[in-house]
Amino acid sequence: EAVMLGLMVAMSSTAIVLKILHEKAAVDAPHGSISLGILIFQDIAVLPVMIIVPLLAGTDFAQGVGLGQTLARAAGLIAMLVLMARWVVPFVLHRVARTRNGELFQLTLITLVLGVAMLSVFVGLSPAMGAFLAGLIISESEYSHQALGSVIPFRDTFISFFFISIGLMLDLDFFILHWQLIILITLGVIVVKAFAGSVAALVLRYPMRTAIIAGLTLAQIGEFSFILSKAGLDYDILSPDIYQLFLSVTILSMALTPLTISLAPRVAAFIIRSKKILASTEKPQPGDNALSNHVIIIGYGINGKQLATAARHFGIRYVIIEMNPDTVRRLKAEGEPVMFGDASYHP
């Protein structure tokens, strides 16, 4: 039961976080990029987790189906998905796109999603997991943008239905009776998940500020956790009371997500200021402090690279501040005056 709860709590909400990041135009920001990468990894991790749930229950695997047979089905499904992503889906969508019939294109997408969902049920996974895998297949085709445009009008409606169904599963009497425990556990989950997400970002050598914001962005429990919790309930891993407690904590953590993400920059600034830790993990190069009347180039993207080229051409001294550790290492090898750090930090 403890392992099951840990697996469920580990998941974060891709739907909520991605929507908020889009609204804040922060998807391409450093904390947005790492948050999205972790979210996608968590979603994919649901596939093996669902397979091992029966093993946690200590019962016959997949209701009498042997472990080897179930793993063989899963391997066959993955091989089929790779085949469809590489050849079948691009070929079919190309044929459909040549008809220039928008309705036929939408119906093809729906048929594809339903078909993959049925295959996932045959393997022993949930239809929601199959729909997620179908999305991954379609995203690999050259028609992914048109497919996304076709489903966007339904996105908000489906998300509303999803959260309405989650609300219907919540026992309000249980929530009112245990509200103090629910709030305490929710705060504990947010703190632990924010810490874990921050550590993951720091391991990837992101600055302290970016790591803290990414950790707080991932501090809620995700929608795939509902699928895992239902499986845990079906296999008698979770008791009904624990299931209701988990639902309450999950819903409350999701409700607090907009506030958590909004406060993340302030929390990061407070932590860094209180501990007197700069976001940079490297010390300035010797002699950099002696510079004067020089140019500070923040970020070595297209504009930063052009500015550095112009400065070299006119003999102007400059220093580059860059957040990407790989770029910093490459520029140092090229002899560029570069520092690793977050220029947006204000001590």
Could you tell me whether [X] atom [atom1] has more than 12 heavy atoms of other residues or ligands within 6.0 Å of it?
X      : atom1 : answer
Leu168 : CG    : yes
Arg329 : CZ    : no
Met80  : CE    : no

[X] versus [Y]: any side-chain heavy-atom pair under 4.5 Å?
X      : Y      : value
Ile302 : Gln306 : yes
Ile166 : Thr250 : no
Leu216 : Val267 : yes
Ile242 : Leu5   : yes
His145 : Leu148 : no
Leu93  : Gln146 : no
Ile221 : Met8   : no
Val338 : Tyr300 : no

Mind checking the [atom1]-[atom2] spacing from [X] to [Y]? Nearest 0.5 Å is all I need.
X      : Y      : atom1 : atom2 : answer
Leu18  : Glu23  : CG    : CD    : 10.5 Å
Thr14  : Leu36  : OG1   : CG    : 8.0 Å
Leu112 : Ile137 : CG    : CD1   : 6.0 Å
Ser35  : Leu218 : OG    : CG    : 4.5 Å
Lys24  : Ile261 : NZ    : CD1   : 7.5 Å
Ile237 : Ser229 : CD1   : OG    : 11.0 Å

- May I have the step-by-step check of side chain to side chain contact (heavy atoms under 4.5 Å, CB included) for Phe226 and Leu247, ending in yes or no? CA-CA 8 Å; Phe226 292 114; Leu247 285 181; 3.4 Å; yes
- Could you go step by step and tell me if Val17 and Ser12 meet the side chain to side chain contact (heavy atoms under 4.5 Å, CB included) rule? CA-CA 8 Å; Val17 171; Ser12 300; 5.6 Å; no
- Where do Val46 and Ile227 land on the side chain to side chain contact (heavy atoms under 4.5 Å, CB included) test, with the steps shown first? CA-CA 9 Å; Val46 175; Ile227 299 175; 5.5 Å; no
Which atom of [X] lies closest to which atom of [Y], heavy atoms considered:
X      : Y      : result
Met323 : Pro30  : CE-CG, 3.7 Å
Met208 : Leu202 : CA-CD2, 4.0 Å
Ala211 : Ser198 : O-OG, 3.2 Å
Gly130 : Ser120 : CA-OG, 3.4 Å
Ala219 : Thr260 : CB-CG2, 4.5 Å
Ser239 : Glu1   : N-OE2, 4.0 Å

hydrophobic_cluster_shared for [Y] and [X], side chain cutoff 4.5 Å:
X      : Y      : value
Ile44  : Ile38  : yes
Leu172 : Met169 : yes
Tyr143 : Leu136 : yes
Leu256 : Val191 : no
Val89  : Ile110 : no

- Task: Hydrophobic side-chain clustering at under 4.5 Å (ILVMFWY, transitive links): who's grouped with Phe161? Put none if nobody.
- Result: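 Members other than Phe161 - counting any ILVMFWY side chain reachable under 4.5 Å - are Phe154, Phe158.
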- Worked check of side chain to side chain contact (heavy atoms under 4.5 Å, CB included) between Gln244 and Leu170: CA-CA 7 Å; Gln244 281 298 324; Leu170 181 64; 4.2 Å; yes
Check: [X] side chain, [Y] main-chain N or O, donor-acceptor pair, under 3.5 Å:
X      : Y      : value
Ser253 : Gln220 : no
Ser13  : Glu223 : no
Lys193 : Thr217 : no

- With Phe132 via ring pair (Phe, Tyr, Trp, His ring centres under 6.0 Å) - residues at least two apart: Phe224
- Item | ring pair (Phe, Tyr, Trp, His ring centres under 6.0 Å) against Phe246, all qualifying residues, sequence neighbours excluded |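 For Phe246 there are no ring pair (Phe, Tyr, Trp, His ring centres under 6.0 Å) partners, ignoring immediate neighbours.
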- Is the closest basic N to carboxylate O distance between Lys230 and Asp234 below 4.0 Å? yes
- Item | Residues Arg312, Glu336: salt bridge by 4.0 Å N-O rule | yes
- Task: Could you list all the ring-ring contact (aromatic ring centres under 6.0 Å, His included) pairs where at least one residue sits in residues 173-194, not counting sequence neighbours?
- Result: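 Counting only pairs at least two positions apart or across chains, the ring-ring contact (aromatic ring centres under 6.0 Å, His included) contacts touching residues 173-194 are Phe174-His178.
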- Can you sort out the partners of Ile321 under side-chain contact (heavy atoms from CB on, under 4.5 Å), two or more places apart, ordered by chain and number?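 For Ile321, the residues satisfying side-chain contact (heavy atoms from CB on, under 4.5 Å) (neighbours in sequence not counted) are Ile296, Ala343.
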- Task: Go through the structure and list residues passing side-chain hydrogen bond (donor to acceptor under 3.5 Å, both in side chains) with Thr327, not counting sequence neighbours.
- Result: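 Result, side-chain hydrogen bond (donor to acceptor under 3.5 Å, both in side chains) vs Thr327: none returned.
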